[in-house]
Amino acid sequence: MAQSDTAFGGTGSGAAKADVAHAVMFAGAAALGGFLFGYDTAVINGAVGAIRDKYDIGAAGTGLTVSLTLLGAALGAWIAGEFADRLGRIRVMQVAAVLFIVGALGSAFPFSVYDLTAWRVLGGVAVGFASVIAPAYIAEISPAAIRGRLGSMYQLAIVLGIAISQLVNYALSESAGGARGKLAGIEAWQWMLALEAVPAVLYLIMTFTIPESPRFLVARSRDEDARKIISRLEGGDHEAVTVRMNEIRASLSEHRTKTTVRELFSKRLGVAPLVWVGIALAALQQFVGINVIFYYSSTLWQAVGYGEDRSLFISVVSALVNILGTFVAIAVIDRIGRKPLLLIGSVGMAISLAITAVCFNTATITTDADGDSVATLSDTNGMIALLAANAFVFFFALSWGPVVWVLISELFPNRVRAAAVGVATAANWVANFLVSSTFPTLADWNLSLTYGGYAAMSAISFFVVLRFVKETRGRTLEAAG
């Protein structure tokens, strides 16, 4: 079923005669891992208050319960590349799907806060697997002319997962009269966590319907299988496909032995500068503070005067803004390129975070009956802070959200891609852990300076991109890496 590349919004001649419909379908199936990534990491936003109340844990304990999941994700990301090179991209997706199912059900029905945290860590390992394998797989099956858009589908799936989790949280909380309320004898927060098993089962089923990465197949000398997939996805006659096969084979033959993490940083492979750029991009994506909005937004907005119902609704609005920004990125990433989008996003994030910090600096601090600090904003400053926070989400969503995942899947040569993406993604999760685990304590200390720190990181991200990032738009993976 060959068709024009215009079926995906007009992509130029690079994908002409390619079966774009199948490329979109395969990328969409792989991106389900991103949906689960988004759902798993954001669903805790609606449950964290109930968990804190049920198990009587303070701010530091709450931060650990939420953020230890991210260390599981870092571990999963660290080992995913090696597993993907050994077992294949599809098999790693299947393992991730099973871990998502088990982690969701286990964390929904724990015996204590300790095993709840353990189940969340297991789910985090699944998130780490998905966060490496989905962008790598999508990059490897995508025609060059539309690789940015297909790669952005992964981020779109993440933000959809975030949005759905917030809608589910809001609906369950409203139906049960709060996160501690019961539906069918089960507390609402438990339903929030358990329902993740539904898309996880769908993800597992979908992995049996998509082909293996042609680059993995070439590496395993399964040339005929690889030829069929390349011919279908990238188009071209027999000779053109042979040329692409030879390019892939040549890029792989430069280093046939197993790539270790230590080797990535050695002079022998010559990829260490690229790996450091990937690590910097992945870490800065978190150091700007985006996941504070999605992990803690409910409790944050309650802390500055909004009730539980309104704060959960605000979380839904932020998730929808995130989706809107991601659609903007999908529309323009293959037209204006990766680097310009990152620069635009850095400026927009820095300004909106600075405004948020200024608003929080005007808050009146009081102490509640439990001895906790409570910040209260005036109606005007509260509205400005809310608008600025959502502007931050929008600028992140059209730039650093999708573009970083696209770039780190394009930066590296075939021979080290899975391992290098794993290292960069592990750095992303460690940075996520640092931000998420410290935010409750920092927010209690000084909310304004905390947001000011995220604004400073956004400003730093501008100069990192300006100095170190090279454009990869429209180039094959072999040429880009």
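All figures in this text were calculated on a predicted structure; none of them were measured in a lab.
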All N/O donor-acceptor pairs, side-chain side in residues 346-355, below 3.5 Å, sequence neighbours left out:
residue	atom	partner	partner atom	Å
Ser346	OG	Leu342	O	3.1
Ser346	OG	Trp400	NE1	2.9
Ser346	OG	Ser461	OG	2.7
Ser352	OG	Gly348	O	2.8
Ser352	OG	Met349	O	3.2
Ser352	OG	Phe392	N	3.4

Exercise. Atom CD1 in Ile330, atom CD1 in Ile146: separation rounded to 0.5 Å?
Worked result: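 If I round to the nearest 0.5 Å, the distance is 12.0 Å.
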Exercise. Say you draw a straight line from CG of Leu324 to CZ of Phe394; how long is it, rounded to the nearest 0.5 Å?
Worked result: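 Separation between the atoms: 5.0 Å.
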Problem set entry | Aromatic plane relationship, Phe37 with Trp429 - under 30° parallel, 30 to 60° tilted, over 60° perpendicular |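 Ring orientation, 0 to 90° scale: tilted.
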For this session: Answer with yes or no whether the side chains of Arg91 and Thr207 bring together a donor and an acceptor at under 3.5 Å.
Result: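 Note: Thr207 and Arg91 side chains miss the donor-acceptor criterion.
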For this session: Can you tell me which residue pairs pass the salt bridge (charged side-chain N to carboxylate O under 4.0 Å, His left out) test with a partner in residues 338-349, sequence neighbours excluded?
Result: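 Qualifying pairs: Asp334-Arg338, Arg338-Glu410.
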If you look at every heavy atom in [X] and [Y], which pair is closest and at what distance?
| X | Y | answer |
| --- | --- | --- |
| Ala23 | Leu150 | CB-CD1, 4.0 Å |
| Ala96 | Ala126 | O-CB, 3.5 Å |
| Leu105 | Ala194 | CD2-O, 4.2 Å |
| Thr209 | Phe26 | O-CE2, 4.3 Å |
| Ser107 | Leu193 | O-CD1, 3.6 Å |
| Ser152 | Val406 | N-CG2, 3.8 Å |

For this session: Just jot down the salt bridge (charged side-chain N to carboxylate O under 4.0 Å, His left out) partners of Arg220, sequence neighbours excluded, or say none.
Result: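 Listed in chain order: nothing, the list is empty.
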Backbone N/O of [Y] and side chain of [X]: donor-acceptor pair under 3.5 Å:
| X | Y | answer |
| --- | --- | --- |
| Asn322 | Ser318 | no |
| Thr425 | Gly422 | no |
| Arg222 | Val218 | no |

Would you call [X] and [Y] a side-chain contact if the rule is heavy atoms closer than 4.5 Å?
| X | Y | answer |
| --- | --- | --- |
| Leu36 | Leu32 | no |
| Phe83 | Phe129 | yes |
| Phe433 | Gln286 | no |

For this session: Using the test side-chain hydrogen bond (donor to acceptor under 3.5 Å, both in side chains), find all partners of Ser165 that sit at least two apart in sequence or belong to another chain.
Result: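 Per chain and number, Ser165 pairs via side-chain hydrogen bond (donor to acceptor under 3.5 Å, both in side chains) with no residue.
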For this session: For Arg473, enumerate each residue passing the side-chain hydrogen bond (donor to acceptor under 3.5 Å, both in side chains) test, keeping only those at least two apart in sequence or located in another chain.
Result: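 In terms of side-chain hydrogen bond (donor to acceptor under 3.5 Å, both in side chains), with neighbours along the sequence ignored, Arg473 is linked to no residue.
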Problem set entry | Qualifying residue, where the test is salt bridge (Lys or Arg N to Asp or Glu O under 4.0 Å) with Glu140 and the options are Arg215, Arg89, Arg147 |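 Going through the options one by one, the only one that passes is Arg89.
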For this session: Before giving the answer on side chain to side chain contact (heavy atoms under 4.5 Å, CB included), spell out for Val358 and Tyr451 the whole-Å C-alpha distance, their side-chain angles and the decisive distance to 0.1 Å.
Result: CA-CA 9 Å; Val358 170; Tyr451 272 83; over 6 Å; no
For this session: Check each of Ile141, Val241, Asp223 against Pro214 using the side chain to side chain contact (heavy atoms under 4.5 Å, CB included) test, and report the only one that passes.
Result: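 One option only clears the test, and that one is Ile141.
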Identify all side-chain donor-acceptor contacts of residues 153-164 below 3.5 Å with residues at least two apart in sequence or on another chain.
residue	atom	partner	partner atom	Å
Gln155	OE1	Trp405	NE1	3.4

Exercise. Between Lys228 and Glu224, is the closest basic N to carboxylate O distance under 4.0 Å?
Worked result: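 No salt bridge links Glu224 with Lys228.
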